[in-house]
Amino acid sequence: MFLASKLAHATKNKVFFSHEGIGRFGSRVMPCHMSAIYHNHYQTSPKYPQQLLLRVFRAKKQQCQQLHTTSTTNTTGHSPGPYLPLSKNISCFILRTVDIDTLTHTLEETACKIPWSPPLVNCILKRLWNHGPKALLFFNVLDFLSPRSYTHAASSFNHAIDIAARMRQYNAVWTLLSRMRSRNITPSPLTFAIILERFVSAGKPEKALRIFLSMHHRGCPQDLSSFNTFLDILCKSNRVEMASSLFRALGPRFRPDTVTYNIIANGWCLIKRTPMALRVMKDMVERGLTPTPVTYNILLKGFFRAGQLKEAWDFFLQMKRRGCELDVVTYTTVVHGFGVAGEVEKAQRVFDEMVGHGCLPSIATYNALIQVLCKKDNVENALVVFNDLLRKGYLPNSTTYNVLIRGLCHASEFDRAAEFMERMKGDDCEPNVQTFNVLIRYLCDAGEIERSLSVLVKMGNGVCCPPNLDTFNVLISALFVRKKPDDMLTAGKLLMEMMERGFLPRKFTYNRVLNGLLLTGNQALAKEILRAQSRSGHFPREIRL
DNA sequence: TTAGGGTTAG
């Protein structure tokens, strides 16, 4: 009964951090947030997981149907996503079930009773993103249901492949790819884009090249589009030299187009080698291809990125003189570029002139100007621009609020920042993890550890957005500043919580917290962390227990 | 996930 009541609370997503007043940990009296962390930490695996997982499903099924019905009449036009509540609860259940054998058994026993669908499965996989082993376990259990009442969609295979590749489990990647084909699902260019990107970001571009060259043997022929995708992946990981060589070697086979040239030009700009980007533009003209507004915008941004303000301005003027199309991206680039370089007046002038030139600012342009004013001028002036955009009928988005909230925090205006967080909700724009992280970071910097922990409590109930790796890293680091023994205990609980949520702590964080706990006589929690770690099948890099 | 602009802060 007690466990059932716990889970019922869990399904409301409020129980873990809903305690108010004073709680206790051992003999130590703690403020409410400490109690909340304690409660969250000690949510153990349920005793009868099958029944409880089904209970989660039943409790949410009706809610999902209601949401599905109401979503069509939602005046905001935003569907809350009929799968959201169910996916949230199933993924919470999976993350909180520590013992892998119990979890496997529970999933195997109950999975056949739940009507799976690709959107639901994909939602759950995304929520399990930070805990690769459990995500793949979930995927595999569904893939081998007996009798086979559900077959994974291509999109779910793509998610699973991405997760396996992210963990650098390359054998699992190829197994999944073969299994995909055995289920009569052809791997798509997207499947290979995912694989190629993971190999490149893992520092294996040559292996990625071999995969690209042989992908037709695995059911997906190469074309210009997949060639461009691969070049772009290489360029975005700062391997433009390799992309250029490939472009020269394979160009005749794929017949490069404007997009190909733009990708390579952008690659040079990303590493601040604008002369090379200009050469690419010259090459494309010589090959009979006309540079597009995208080409010019890439170059323009490249000059700003490289700190070549004079060249950027000259290029901008030249674009005007030659009658190139100056679109909203061009103006946003210039406003932001000059602003972050400290030339706020020039940024403001360009912003003011764009309307006169027949180009309306987008919300991104406003965001660029607001950010610039917050960083290089005054947050009060940024608020004037914010009110102006409201007056003109623009709808601020989460970036608008985040840059403003950061500006207010930077000016130590925490109460006003909190007011804006409330205001976001009124604009149908819930605070996201970046919003909370900004507030937490600045509160920590100001030494307001308790207030920052209470922000974590707000996040942790999962209603708005769960904390991410940054959230935990910032908070744990801050707990080492005051040198208070109680802070070590809190750091230990945070480490425990982050592991339960599937995050892999850095070796430095892990050792630092364990040492802190041992030095302050908190051996019990240190052992608990070690046990949880060894059960999770998830290890901090370079840690072997 | 065939190309370009706007969110932390290190």
Side-chain angles (χ1 to χ4, degrees), chain A residues 155 158 162 188-198 200 222-236 243 254 256-267 269-270 277 280-281 284 289 291-302 304-305 325-337 339-340 347 350-351 354 359 361-372 374-375 385 389 394 396-407 409-410 424 429 431-445 468-471 473-474 477:
Chain A
S155 56
N158 286 345
D162 199 10
S188 67
L190 171 60
T191 314
F192 278 92
I194 289 167
I195 295 172
L196 294 170
E197 205 234 332
R198 290 294 175 195
V200 171
Q222 304 94 332
D223 57 9
L224 177 60
S225 168
S226 59
F227 181 56
N228 285 344
T229 302
F230 184 42
L231 293 180
D232 196 39
I233 288 169
L234 289 170
C235 288
K236 298 231 166 91
F254 292 109
D257 60 0
T258 316
V259 175
T260 323
Y261 281 94
N262 286 348
I263 286 168
I264 300 290
N266 192 42
C269 286
L270 288 172
V280 173
M281 193 169 78
M284 73 190 282
L289 292 166
T292 64
V294 174
T295 320
Y296 295 119
N297 290 338
I298 285 170
L299 263 296
L300 191 60
K301 178 73 187 174
F304 282 116
R305 192 182 285 115
E325 185 192 331
L326 302 181
D327 62 14
V328 67
V329 177
T330 319
Y331 281 106
T332 307
T333 304
V334 176
V335 169
H336 189 249
V340 294
V350 172
F351 182 85
M354 67 186 285
C359 181
S362 67
I363 192 64
T365 324
Y366 271 105
N367 292 346
L369 185 62
I370 289 172
Q371 190 208 31
V372 157
C374 285
K375 279 191 168 173
V385 174
L389 76 86
Y394 284 87
N397 60 21
S398 50
T399 305
T400 324
Y401 278 105
N402 287 351
V403 292
L404 261 181
I405 287 168
R406 185 201 167 275
C409 286
H410 195 71
M424 286 177 85
C429 170
N432 57 26
V433 69
Q434 284 93 344
T435 325
F436 285 104
N437 285 355
V438 167
L439 196 57
I440 286 176
R441 192 180 294 272
Y442 276 95
L443 283 170
C444 285
D445 286 350
N468 68 9
L469 192 59
D470 265 359
T471 322
N473 283 337
V474 168
S477 294

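This one's a predicted model, so the numbers in the text were calculated from it and none came from an experiment. Each chain gets a letter, A, B and so on, in the order its sequence line appears, and its residues count up from 1.
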message: Holding to side-chain hydrogen bond (donor to acceptor under 3.5 Å, both in side chains), I want the full list of residues that pass it with A:K236, two or more places apart in sequence or in another chain.
response: A:D232
- request: Specify the separation, in whole Å, of atom CG of A:D445 and atom P of B:dG10.
  value: 8 Å
- request: Return the nearest nucleotide to the side chain of A:T258; candidates are B:dT2, B:dA3, B:dG6.
  value: B:dA3
query: Is the base of B:dG5 touched by the side chain of A:S362 through a donor-acceptor pair closer than 3.5 angstrom?
result: yes
- line: From NZ of A:K236 across to C1' of B:dT2 the rounded distance in Å is 9 Å
- request: Classify the side chain of A:R406 versus the base of B:dT7 as yes if they form a donor-acceptor pair under 3.5 Å and no if they do not.
  value: no
- line: A:N266 atom CG is separated from B:dA3 atom P, nearest whole Å, by 10 Å
field: Any N/O donor-acceptor pair, A:T333 side-chain to B:dG5 base, under 3.5 Å
entry: no
message: Without decimals, in angstroms, what is the distance between A:Q371 CD and B:dG5 P?
response: 14 Å
- prompt: In whole Å, what is the span from the CD atom of A:Q222 to the P atom of B:dT1?
  reply: 21 Å
- prompt: Which part of the nucleic acid, if any, lies within contact of A:N437, taking any heavy atom under 4.0 Å across all strands shown: a base, the sugar-phosphate backbone alone, or nothing?
  reply: nothing
- prompt: Hey, does A:I405 reach any base, or is it just sugar-phosphate, or nothing, if we go heavy atoms under 4.0 Å?
  reply: nothing
task: Look at all strands and tell whether A:S226 reaches a base, only sugar-phosphate, or nothing, counting heavy atoms closer than 4.0 Å.
output: nothing
task: Write down the distance separating the P atoms in B:dT1 and B:dG5, rounded off to the nearest Å.
output: 16 Å
query: How close or far is atom C1' of B:dT1 from atom CG of A:L234, stated in whole angstroms?
result: 14 Å
- request: Could you work out which one of B:dG6, B:dT2, B:dT7 sits closest to the side chain of A:S225?
  value: B:dT2
task: Quick one: list whatever passes side-chain contact (heavy atoms from CB on, under 4.5 Å) with A:V385, sequence neighbours left out.
output: A:Y366, A:L369, A:I370, A:L373
